[in-house]
Amino acid sequence: MQAPSPPPSSRETVFGRRASDRLAERLGAGQPQRWRVQLALGLPLAVLMLLVTIAFTSIASVKFEQMAQDNAQVIFSQHVQRGTALLRGLVDRAQTLVGLEASAGLSLAPAQREALQRQWVAALAVEPSLHALRAVLNDGRYFEVVALRDAAGLAASLQAPAAARFAARSVEAGRGDAPRAQSWRLLDEAGQLLAERRDATRFDPWQDRPASAAAALAGPLVSGPAPFFSTRDAGITVAARLRDGSGVVLAEIATNGLDRLFQALSYPPHVAGGLVAPTGDMLVSGAGQGALAPPGGHGPATADAQTLSVLRELAQWTGRGLHPQVATVAVHGEKFVLAQSSVEFGPGAPWRVVAYAPLLAFSSSMVAARDRMALIGVLVLMVALLMALWVTRRIVGALDELTRDAIRICTLDFGPSPRIKSRLKEFSALADAHAVMRESIRSRTEELRGSRQRLEELIAAGLAMSRERDRISLLQQILWGAKRLTRCDAATLYVVTENRTLRFALRTRDDSLPQEEIPLVRPDGSDNDQFVSTHVALRNTHVVIDDVYAETRFDLSGTRRFDERTGYRTVSMLALPLAPREGEVIGVLQLMNALDPISGKAVPFSEEDVRIASAVAAQAAVSLDNHQLVQAQAELVDSMVKLLAGAIDAKSPYTGGHCDRVPELAVMIAEEAVRVDTGPLADFRFDTAEQWREFRIGAWLHDCGKITTPEYVVDKATKLETIHDRIHEIRTRFEVLRRDAEIDLLRNFIAGGNAAKACERFEQQCAVLEEEFAFVARCNLGAESMEEGAVARLREIAQRTWLRHFDDRLGLGPQAAQAAAASPPARLPAMEFLLDDKPQHMVPRPAKNPDAPCDRFNLQPPELLYNRGELYNLCIRSGTLTPEERYKINEHIIQTIEMLEAMHFPKNLRRVPEIAGTHHENLKGTGYPKGLAHDQLSVPARIMAIADVFEALTATDRPYKKSKPLSEAVRILWGFKRRGHIDPDVFDLFLSSGTHLRYARRFMSPELIDEVDVAPFLGPC
């Protein structure tokens, strides 16, 4: 039982009475007050529902009528489109038929009449709408084939047999008014003759108006409706003049044929219509179920007043066009849907396909649906009003209870109060808020004091992590800081590896770390999120587990086995991702067993523990990410250096792998040099990893300047080769000279000269040309040194001339055109030398940059950038390179130095340009590009010189030279030592340590690794 509240003071009592009295007065009206509230809430709602129902019913009525009208217009559009397409197709086929006959030309000779009879019988059989096909010539000859299916009168007059289907009529030419011979042939369905009759006639086919009109037109003619000239049946006539103007060809479409054609339209119920001729007459008509067909040529003879009014409305439409015209009009107080489509076959009024029906035939079902929806709307309105009444009663009751509770708060009565029950969660929430208000204020003050203390500890932990540079110490700071701030019993730190696995990095307990890694991805490619740690790493979200042994979301069998093995009891767990600014998870922090500060027992992690641990994880992620970024930058520089070296090797197949093998050999020699503790190399040391890294980068970049050397210079295999081998141009000129000799031979034959002597002279010329070209081709290879005699013979051969008949300035690019413009054009045909050094072969060197230092390097550039003269290149005494090209290749070391000096290397890599740019120097000071002497070359630079030369001697991937055997390469390198070009101490170390043999076993072919006795090569020379 609750203890009684202490009596209030007099002031509180007076205040409470006054407040209670005022509130009692407000509630004194009682029930009438509640009804006024209900009326104020329910009446607007009822009015709103009534207005919505009326608006919905009105809109539905309009929409239903519009839908009926749209549906009818769509049906009518489709109907008249089909009728239009049928009519146009029939007339187009008739025009095509007469057009073909007109273009072929007709003479109506007996043989041709037989052929026409077969063709026209077949055409009339295939096209049932055709009535007859006729041909009229200017001299009066006449020929026609009539289908008897639409000419019962003609069949009776000819007394045709029952099997007769076609009648062929032929009228011969005559003079004046004299009778002319006429024949009728009665044919069966297959065109076989059944009967024939001959007589005389005064028939004049040119009295036919369509025939005479077509003879005066250049194009086809479509006329009608009118009686046909020969059978007097009504229909449409299609005619065309023969291409030579000798007559006309006509095709007749009977009205009965049009009836059969329009029967395929199958009029919908209540729809009537037909075909209206240009004269305004209804030629054919039809009607669906429940509709009266309009009067037409073959329709009913009468129509009611409403139908006649609709037809008059249709007659007022005079618009033309291929697309249907549809409209809804009122006729005698009733809405009708009218549709028509115009079809034009030439000048004059168009044909029209029409249709009409009352709109009510399409909207009756929709009107019934509209009425049903109105009834449903009324029922919904009544139900809504009842629900509104019930809801307002509940709302007013809850407000009454909340008002009484407010009176108790105003009188400072904070004791227990009856719980307000309401289906509206807002009223329930307001009642609960009154109950917990005092306790919330008190408890929040205590929580804020504890949160301030933990925040200060969090800031201190973040400062400690930001100052740490050692990775292991950093991981320890992260782990122990999180354990201390969350007051948990144990913690484990995982890191995400590059193989998409989680590896145990550190634990707070002293037991050994597991060696196995937890994969984040299963073998089938799906996420392995069955474990807590992998789920956190994959989803980048924290996980809180209150009871490990009751958890079913994750597989915690490993934790339980650990408890069984060690006797430890894991209760609660908190796992958080370590995700830096980019959001990618780089580790997982797992905390176990939050400890109660009073009892010391394992309890679940609180929300504040989660927030504090999340803040620690965020700071740890940033610190760990910064550490990894520094390491990644160093790896990025190394990879870019290797990438650049690989690109240089890939640029030319002649130097493939050079930038890969030289650093390997240089490091092997340097590793032996740092082990030496006596002699000149005793002081050489790489004490730190950064010094080794600096040396490796310098070795990798020792030829980076070759990226500026053109491939066609590095790969130049013949003397005339640039982008392509120009020996083919020389060969073509020899071909021209041989062709000229052959032309001279043929001219001699034509002139009647001595054939034998001419042939002998031709053979001699061909032999000389072949031998001279073979000599030029051998000189182009550059395989051996050229003597003075060979040069003189080249100059002699170059004096041969040939005629050029085409302008050699056409089709040139801008640079080549500018070079050719330096010399005046020659008149064509121009006499040219077989081999020549032209002005356009000389490529000038670009102007020097005035800001570039001019005395840093001892390499003197030639006057020209390139000299591509043919004779100049062929006269190269040794090899395939001109002095300009050799300078371009040697210039790569200058580019290497300038490129590396332009890069802002950090302090620990400042010697990279020196290591990379001195491997072509020698101890005598005669090397390049700076001519440094013995004292100016560091030990790394001397190591690089030996590594570069030895790799070039033993390289197996250079097609322009064979790889040297190991013994020969050592002997050549020893020659460099004797001449003072390389460091003797480094060379002796290279041989005595066996580095040459280890390198050969890794990079040389086994057959080139022969026995080498290093003793003769060691020591002073």
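What's counted below: heavy atoms across the whole structure, side chains too, no hydrogens, waters or symmetry copies.
Shown here for P913 and R910, the closest heavy-atom pair between the two residues is CD-O, 3.4 Å. Closest approach of T918 to A941, counting heavy atoms only: OG1-CB, 2.9 Å. The shortest heavy-atom contact between P846 and L865 is CD-CD2, 4.1 Å. Residues L835 and E870 come closest through the heavy atom pair CA-OE1, 3.8 Å. Residues M786 and A790 approach most closely at CE-CB, 3.8 Å, considering heavy atoms. In terms of heavy atoms, V970 sits closest to H996 at CG2-CD2, 4.4 Å.
Geometrically, R868 engages Y866 in a cation-pi contact defined by less than 6.0 Å to the ring centre and at most 45° from the axis. A cation-pi arrangement is found for R793 relative to F775, the charged atom lying closer than 6.0 Å to the ring centre and inside a 45° cone about the ring normal.
No side-chain heavy atom of P965 sits less than 4.5 Å from a side-chain heavy atom of E1007. The side-chain heavy atoms of R1001 and L997, taken from C-beta on, include a pair separated by under 4.5 Å. Residues R845 and P861 are in side-chain contact: their nearest non-hydrogen atoms beyond the backbone lie under 4.5 Å apart. Looking at heavy atoms from C-beta onward, K977 lies out of side-chain contact with F1017 at the 4.5 angstrom threshold. Between E721 and T880, every side-chain heavy-atom pair lies at or beyond the 4.5 Å cut-off. Between L701 and T896, the closest side-chain pair of non-hydrogen atoms is not below 4.5 Å. With contacts defined as side-chain heavy-atom distances shorter than 4.5 Å, the pair Q895/E891 qualifies. For the pair L991 and L1018, the minimum side-chain heavy-atom distance is below 4.5 Å.
A distance of 9.0 Å separates OG1 of T722 from CG of N873, quoted to the nearest 0.5 Å. Atom CD in E672 sits 10.5 Å away from atom CD1 in I943 (nearest 0.5 Å). Taking CD1 of I730 as the start and CG of L874 as the end, the distance is 6.5 Å to the nearest 0.5 Å. To the nearest 0.5 Å, atoms CD (E921) and OG1 (T926) are separated by 9.0 Å. I727 contributes atom CD1, which lies 5.5 Å from atom CG of L720 (distance to the nearest 0.5 angstrom). Separating the CD1 atom in I1009 from the OH atom in Y999 is a distance of 11.0 Å, to the nearest 0.5 Å.
A donor-acceptor contact closer than 3.5 angstrom is absent between the side chains of E1011 and S967. Inspection of the N867 and T882 side chains reveals no N or O donor paired with an N or O acceptor under 3.5 Å. At a cut-off of 3.5 Å, with distance as the only test, a side-chain donor of Y872 or E884 sits close to an acceptor on the other residue.
One finds a salt bridge joining E914 and R911 here, because a Lys/Arg side-chain nitrogen approaches an Asp/Glu carboxylate oxygen to under 4.0 Å. Salt-bridge formation is detected for the pair E832/K838: a Lys NZ or Arg NE/NH1/NH2 atom is positioned less than 4.0 Å from an Asp or Glu carboxylate oxygen.
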Exercise. Under the side chain to side chain contact (heavy atoms under 4.5 Å, CB included) criterion, do L909 and R693 qualify, and how do the steps go?
Worked result: CA-CA 8 Å; L909 300 177; R693 181 166 175 261; 3.9 Å; yes
For this session: Give the intermediate values and the outcome of side chain to side chain contact (heavy atoms under 4.5 Å, CB included) for residues L966 and F950.
Result: CA-CA 10 Å; L966 180 60; F950 189 76; 3.7 Å; yes
Exercise. Checking ring-ring contact (aromatic ring centres under 6.0 Å, His included) for the pair F987/F976: CA distance, chi angles, key distance, verdict?
Worked result: CA-CA 10 Å; F987 174 75; F976 281 100; 10.0 Å; no
For this session: Test V949 against L953 for side chain to side chain contact (heavy atoms under 4.5 Å, CB included), laying out the working first.
Result: CA-CA 6 Å; V949 174; L953 293 173; 4.1 Å; yes
Problem set entry | Worked check of side chain to side chain contact (heavy atoms under 4.5 Å, CB included) between V1014 and S992 | CA-CA 7 Å; V1014 301; S992 61; over 6 Å; no
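Within the 6.0 Å centre-distance limit, the rings of F686 and F695 are counted as a close aromatic pair. Side-chain rings of H920 and H892 approach one another, their centers coming within less than 6.0 Å.
At least one donor-acceptor pair under 3.5 Å links the side chain of T688 to the backbone N or O of Q691.
Using a 30° and 60° split on the angle between ring planes, F504 and Y494 fall in the tilted class, from 30° to 60°.
Around atom CD of E771, more than 12 heavy atoms belonging to other residues, nucleotides or ligands sit under 6.0 Å away. The environment of Q799 atom CD is dense: over 12 non-hydrogen atoms of other residues, nucleotides or ligands sit within 6.0 angstrom. Atom CG of D683 has 12 or fewer heavy atoms from other residues, nucleotides or ligands within 6.0 Å.
E664 pairs in a salt bridge (Lys or Arg N to Asp or Glu O under 4.0 Å) with only one of the listed residues (R696, R998, R1002), which is R1002.
For T497, the side chain to side chain contact (heavy atoms under 4.5 Å, CB included) partners at least two apart in sequence or on another chain are N499, T501, R503, E517.
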